[in-house]
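Read the structure below first, then the notes.
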Amino acid sequence: MAEVLADIKNGNGNRRILSATKELTAPLAYEINDIVVSYENRLSALRQTEKANRQLMTSLSHDVRTPLTTLIGYLDAVHKGIATGKDRDSYTEIACRKAHGLKEYLDLLFDWFRLYSDEFAMDIKTVEAAELTRNLLIGWIPIWEEKQIAYHIAIPGQPFQVNLDTDGYMRVINNLIQNAVSHSHCDKIEITLSKKNHHMEIVLADNGIGIKNEDLEHIFERLYQCGQAGPDQGSGLGLSIVHQLVEKMDGTITAKSPKENGTAFTLLFPLAG
């Protein structure tokens with residue numbers, strides 16, 4: 001036992017103390033093995049988090065500095081009078097778009113670090129989710145109309161009492177809609193809310209480009225980016241944040257993309273009581 005413990009102390013977390021069940025020291029040996037396994041699991045999780053954070057810091061160079069440099073370039077052209085007339089208006093519009101995209105990314109970063117900090121806590125209480133969802137979606141209507149995205153919303157008149165963190169729930173719905181608007185190239189969005197067994201079910205579906213089968217099982221992983229390239233590629237943060245928030249509210253989220261034609265996200269939250 002002393003030899004194995006010394007080896008473990010030197011960094012070999014794969015060592016275990018072997019002991020027959022009938023031996024006097026067996027309970028102690030098994031307990032030590034359990035402690036070693038527990039610490040190895042924690043170290044593995046810590047390493048994964050550190051790796052993800054390093055990836056995140058590396059991606060900041062491209063995801064923040066590049067659009068920021070472009071934004072400054074367009075604003076300088078306008079400020080110095082290099083762009084005039086229609087070019088000035090076009091440059092201003094592009095700069096505005098870049099600024100909004102940068103803010104969206106920084107909001108995701110804030111949510112990311114907040115979720116994985118020790119200080120993160122949710123204020124879960126019973127809320128009437130149907131009316132909350134209805135009021136939230138009203139704010140998206142001008143955006144859908146501006147982008148010429150047809151929308152269909154089906155929310156029944158009956159109340160749905162659900163234990164939720166209001167801010168977290170709104171972030172989940174907003175992130176899913178923003179994901180569809182920004183990256184799916186859809187021209188139609190359908191959102192339905194209904195009761196399924198003892199759960200509230202919300203389905204958010206679009207008719208966009210869909211998600212490849214090989215990507216579907218990974219889309220909720222931290223920093224995972226689908227094979228799509230170009231300016232419409234996401235940061236790999238949004239869906240991971242959605243998944244974490246849903247789980248913290250005792251809900252589930254799944255995604256389907258039949259024949260890679262459109263995407264449907266299904267959320268399930270247990271009804272209160």
Side-chain angles (χ1 to χ4, degrees), residues 1-59 111-126 161-165 168-169 171-172 195-202 211-227 236-257 265-273:
M1 291 176 70
E3 178 186 344
V4 171
L5 288 174
D7 199 16
I8 293 172
K9 183 179 180 181
N10 289 329
N12 185 2
N14 294 319
R15 288 296 302 273
R16 300 291 182 268
I17 299 172
L18 302 179
S19 177
T21 307
K22 62 182 180 181
E23 291 183 10
L24 182 64
T25 58
L28 178 60
Y30 299 153
E31 189 68 26
I32 291 174
N33 287 340
D34 287 342
I35 292 173
V36 173
V37 170
S38 175
Y39 274 101
E40 280 299 304
N41 290 337
R42 293 182 188 180
L43 283 173
S44 177
L46 181 61
R47 292 188 191 104
Q48 290 178 354
T49 299
E50 289 178 346
K51 181 180 178 181
N53 285 339
R54 284 196 300 270
Q55 287 179 286
L56 186 58
M57 292 301 105
T58 301
S59 71
D111 285 341
W112 165 274
F113 287 115
R114 192 168 64 94
L115 264 174
Y116 290 96
S117 72
D118 294 333
E119 299 176 0
F120 178 78
M122 302 194 90
D123 181 21
I124 296 179
K125 55 188 176 185
T126 303
Q161 300 295 330
V162 186
N163 292 327
L164 298 170
D165 175 273
Y169 176 76
R171 172 60 72 184
V172 165
K195 181 179 179 181
K196 185 174 184 180
N197 297 326
H198 299 291
H199 291 77
M200 177 183 73
E201 180 184 72
I202 305 171
I211 301 172
K212 294 181 180 180
N213 289 331
E214 58 265 30
D215 290 324
L216 268 177
E217 59 182 294
H218 301 291
I219 59 172
F220 297 118
E221 295 175 6
R222 289 182 290 180
L223 297 179
Y224 184 82
Q225 295 175 317
C226 296
L237 292 175
L239 291 179
S240 172
I241 291 170
V242 163
H243 186 262
Q244 289 292 319
L245 288 172
V246 170
E247 281 197 337
K248 289 180 183 295
M249 291 184 283
D250 293 327
T252 61
I253 180 169
T254 55
K256 291 183 179 180
S257 187
F265 290 95
T266 301
L267 298 159
L268 285 173
F269 293 101
L271 294 170

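- Atoms CE and CG, from Met1 and Leu5 in turn, are 6.5 Å apart once rounded to the nearest 0.5 Å.
- If you take CG on Asn197 and CG on Leu268, they are separated by 9.0 Å, rounding to the nearest 0.5 Å.
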Yes or no on side chain to side chain contact (heavy atoms under 4.5 Å, CB included) for Phe265 and Thr254, after CA distance, side-chain angles and deciding distance? CA-CA 6 Å; Phe265 290 95; Thr254 55; over 6 Å; no
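- For the pair His199 and Phe269, the minimum side-chain heavy-atom distance is 4.5 Å or more.
- Here the CD1-OG distance, from Ile219 to Ser257, works out to 9.0 Å after rounding to the nearest 0.5 Å.
- Using modelled atom types, no side-chain atom of Asn163 and backbone atom of Ile124 make a donor-acceptor pair closer than 3.5 Å.
- The side chain to side chain donor-acceptor pair (under 3.5 Å) pairs that include a residue from residues 9-25 are Asp7-Asn12, Asp7-Arg15, Ser19-Glu23, where partners are two or more places apart or lie in different chains.
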Test Lys256 against Thr266 for side chain to side chain contact (heavy atoms under 4.5 Å, CB included), laying out the working first. CA-CA 8 Å; Lys256 291 183 179 180; Thr266 301; over 6 Å; no
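- Separating the CD1 atom in Ile8 from the CD atom in Glu40 is a distance of 8.5 Å, to the nearest 0.5 Å.
- Side-chain atoms of Met122 and Met249, non-hydrogen and from C-beta on, do get closer than 4.5 Å to each other.
- Distance alone, capped at 3.5 Å, places no donor-acceptor pair between the Asp123 side chain and the Asp165 backbone.
- Here the straight-line distance linking atom CD1 of Ile17 with atom CG of Asn33 works out to 5.5 Å at 0.5 Å rounding.
- Counting heavy atoms from C-beta outward, Val246 and Leu267 have side chains that approach closer than 4.5 Å.
- Summarising the geometry, atom CZ belonging to Arg171 is positioned 8.5 Å from atom CG belonging to Leu245; distances are rounded to the nearest 0.5 Å.
- Atom OH of Tyr30 has more than 12 heavy atoms from other residues, nucleotides or ligands within 6.0 Å.
- Side-chain atoms of Tyr169 and Ile202, non-hydrogen and from C-beta on, do get closer than 4.5 Å to each other.
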